[in-house]
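For reference, the structure discussed in these notes is given below.
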Amino acid sequence: MQQKSPMLRLWELSSENHGGLIRAVISASVGVLCGMLPYFAAARIIIGLMNGNRESVFYVFWCIMAFAGYLLRSCLYALALSMSHKATFSTLKRIREQILAKLPRMPLGTVMDTSSGEMKQIIVDQVESMERPLAHLLPEMTSNIFGPVCIFIYLFILDWRMALLSLVSIPVGMAFMMAVMKNYGKQYEGSVKVTQAMNSTIVEYINGIEVIKAFNQGKNSYARFSDRVLANAAYFYNWMKSCQLPVSVSKAVAPTTMITILPAGWIMYQTGTLGMDIFLTTIILSLGIAGPLLAAMDFVDSLAKVGTTVDQIDSILNGKEQHHGMTPVHVDSTEIRAEHVSFGYHQDKEILHDISLTIPEGTMTAFVGPSGSGKSTIAKLIAGFWDVEQGRILLGGHDLKDIPLRQLYEQTAFVSQDNYLFDETVRENIRMGRPGATDREVEAVAKVAGCDEFIRRLENGYDTVVGGGGAHLSGGERQRIAIARAMLKNAPVVILDEATAYIDPENEAVIQRAVARLVKGKTVIVIAHRLSTITDADQIFVIEDGRIAAKGTHRELLESSKLYQEMWQAHIGAKDGDAA
């Protein structure tokens, strides 16, 4: 299929605001034509003076026409920009809304593979860069080309020879500009990549500042950060330096229409083949050709950037989605079954191999195994974060792909080892589990989750702002708030992915009691490295190298699974070491 041109795609993205943009183009075009009136008026006045016209009314009329043209041009230009900017910012808002609505429909792996710096670059910077081509390029470039074309047609009617002479310098000047624009698109694409690399390093540097200081890596980490910033600056410096000379020559040569018009016109006038009135009109009107065309040339770089900008935005808007049914289904059971599931985040690397398991409704199931064995991947597939390509996963007898994503997410509450808290109050972070919950319900679930006591010790209690990512709280405190949030959601399926990873031993019993409350009437899946927290699980799956190595209760696995025995002994030994 033939790829659409960047400008056509940009026009499609602004489909809801075509009316405003078209009105802006028309207003700007009429404004440019009105801006030519002073040139016509000047030509009429000069011809009148040379012909000895002494009628003051004649000169007053053309002065008024010149002033009216200038005034109309200014007003229409301002009106065009007002309309184009309203349409543009409405378009930018809509594009950002589409991107943010698209992200939850994309596989989690696709989102996670994109760094936060790159994501910020696309959603903030790249979308913002569309303001110039939409708000300025369409009305201004279009009108600045339309005006000179109208003048050229008028001059062509007066004398085709002089009309052609008025254009000689412009193609020469534009040839230098085209030499610059030849590789402009690739150079701009390179600038986006080097800026994304810098943004990613900045985000990484700021997020890792605690580790950098703790391990005295400030010099090395800052050097990497500094190198990326300097590389970004060097790229733009070298790029602009390579453009400076040809752009300067272009802007110097293009307006020199008099170089051809004056000598050639004078010769034709002397030979009697050109009248003085046409000669003077051509001289003055030709001055109005180069200016708008040079203004239009200023937008050529925006045209070259559009391709990269649109490609970056389409990488999300046209990204692969999870394809689920659109009609809600009746899920009358939370039994979970995986049938011959094989899966890999990337096509060339399979992580899970022919996984089949059943999780009965209302039970607690645990996944254990070495790091990287695939435990979290199974849990995230059950939560619907990815779609399986081989095999299938069923919830209540329904294939997950038949359940709309919104309904599927309502069925599950997911707590991972790296939970994110928003820069809101503790109360609002918990309330995100169920936005309609009352303050009393929020506080009640916090007590059940074992975090009410430490919350009340905070400076403003439940109204304490936790900072970006929960930076004002400890890892254990963040985790307990995340568990409270999941409990408040009251979903029938609860997935705890290493949820007790940051919980200190003193609070481990509190979390176990909270999990025990969750089990009642719910289907609970726990992934834990502390095996003592899942000894009461109804069933435990031992995962090794993407396969189910063993299955049973804690006691059964201690007798039948060598891997589980080794993990249990390592866990008990670690606990004894802690106690010592």
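The structure presented is a predicted model; accordingly, all values stated were derived computationally and were not measured.
D399 pairs by the salt bridge (charged side-chain N to carboxylate O under 4.0 Å, His left out) definition with nothing, not counting sequence neighbours. Applying the salt bridge (charged side-chain N to carboxylate O under 4.0 Å, His left out) test to E428 and every residue at least two apart in sequence or in another chain returns R431. Taking the side chain to side chain contact (heavy atoms under 4.5 Å, CB included) definition, one finds that I26 meets it with I22, V30, sequence neighbours left out. Residues passing the side-chain hydrogen bond (donor to acceptor under 3.5 Å, both in side chains) test with E16 are R94, sequence neighbours excluded. In this structure D387 satisfies the salt bridge (charged side-chain N to carboxylate O under 4.0 Å, His left out) test with no other residue, sequence neighbours excluded. For D463, the salt bridge (charged side-chain N to carboxylate O under 4.0 Å, His left out) partners two or more places apart in sequence, or in a different chain, are R427.
No side-chain donor-acceptor contact under 3.5 Å links K102 to the backbone of E321. In this structure, the side chain of S84 does not engage the main chain of H136 through any donor-acceptor pair within 3.5 Å. R73 places no side-chain N or O within donor-acceptor distance of the main-chain N or O of C34, the cut-off being under 3.5 Å. Looking only at distances, no side-chain donor or acceptor of H324 sits under 3.5 Å from a matching main-chain atom of R105. Looking at T91, its side chain does come within 3.5 Å of a backbone N or O of A87 through a donor-acceptor pair. Put simply, the side chain of T88 never gets that close to the backbone of E131: no donor and acceptor are under 3.5 Å apart.
Counting heavy atoms from C-beta on, the side chains of L33 and C150 come closer than 4.5 Å. Side chains of F236 and W239 form a contact here, defined as non-hydrogen atoms less than 4.5 Å apart. Residues Y235 and T195 have side chains not in contact (no heavy-atom distance under 4.5 Å, counting atoms from C-beta outward). Using a 4.5 Å heavy-atom cutoff, the side chains of R132 and T309 are not in contact. Between S27 and M83 the shortest side-chain heavy-atom distance falls below 4.5 Å. Counting heavy atoms from C-beta outward, R44 and M65 have side chains that stay 4.5 Å or more apart. M119 places a side-chain heavy atom less than 4.5 Å from the side chain of I316. Side-chain atoms of N318 and R9, non-hydrogen and from C-beta on, do get closer than 4.5 Å to each other.
In this structure, CG on D311 lies 10.0 Å from CD on Q126, to the nearest 0.5 angstrom. Between the CD atom of Q312 and the CD1 atom of I122 there is a distance of 4.5 Å, given to the nearest 0.5 Å. Separating the OG1 atom in T281 from the CD1 atom in I47 is a distance of 3.5 Å, to the nearest 0.5 Å. Rounded to the nearest 0.5 angstrom, T282 OG1 and L158 CG are separated by 6.5 Å. Of the inter-residue distances, the one linking S166 atom OG with I283 atom CD1 reads 12.0 Å to the nearest 0.5 angstrom. Here the straight-line distance linking atom CG of L49 with atom CZ of F58 works out to 8.0 Å at 0.5 Å rounding.
A tilted orientation is assigned to the rings of F279 and W266, their planes being inclined by 30° to 60°.
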side-chain contact (heavy atoms from CB on, under 4.5 Å) between S169 and M258, worked out
CA-CA 9 Å; S169 64; M258 295 298 104; over 6 Å; no

Given side-chain contact (heavy atoms from CB on, under 4.5 Å), test N232 with R228 step by step and report yes or no.
CA-CA 6 Å; N232 181 269; R228 288 292 174 88; over 6 Å; no

Can L21 and V25 be said to form a side-chain contact (heavy atoms from CB on, under 4.5 Å), step by step?
CA-CA 6 Å; L21 293 172; V25 170; 5.6 Å; no

Is there a side-chain contact (heavy atoms from CB on, under 4.5 Å) between M130 and S14 once you walk through the steps?
CA-CA 10 Å; M130 295 173 66; S14 61; over 6 Å; no

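Residue M276 is tested with I278, L274, L280 for a side-chain contact (heavy atoms from CB on, under 4.5 Å); the sole match is L280. Just one residue in the list Y154, F61, W62 forms a ring pair (Phe, Tyr, Trp, His ring centres under 6.0 Å) with F40, and that residue is Y154.
Annotation for M240: atom CE counts as buried by contact number, over 12 foreign heavy atoms lying within 6.0 Å. Atom NZ of K86 has 12 or fewer neighbouring heavy atoms from other residues, nucleotides or ligands inside a 6.0 Å radius. Within 6.0 Å of CD in E55 there are 12 or fewer heavy atoms belonging to other residues, nucleotides or ligands. Around atom OH of Y70, no more than 12 heavy atoms belonging to other residues, nucleotides or ligands sit under 6.0 Å away. Residue-environment remark: CD (E97) exceeds the threshold of 12 foreign heavy atoms within 6.0 Å. Around the CZ atom of F89, the shell of radius 6.0 Å holds more than 12 heavy atoms that belong to other residues, nucleotides or ligands.
The shortest non-hydrogen separation linking D423 to G467 is OD1-CA, 3.1 Å. Residues V466 and F422 share a closest heavy-atom pair of CG2-O, 3.0 Å. Nearest approach of A383 to F414, heavy atoms of both residues: CB-CD1, 3.9 Å. The minimum heavy-atom distance between I313 and I99, with the atom names listed, is CG2-CD1, 4.3 Å. Shown here for P133 and S129, the closest heavy-atom pair between the two residues is CD-O, 3.2 Å. The two atoms that bring V124 and R96 nearest to each other are O-NH2, 3.0 Å, heavy atoms only.
Residues E389 and K320 are paired through a salt bridge, judged by an N-O separation under 4.0 Å between the basic side chain and the carboxylate.
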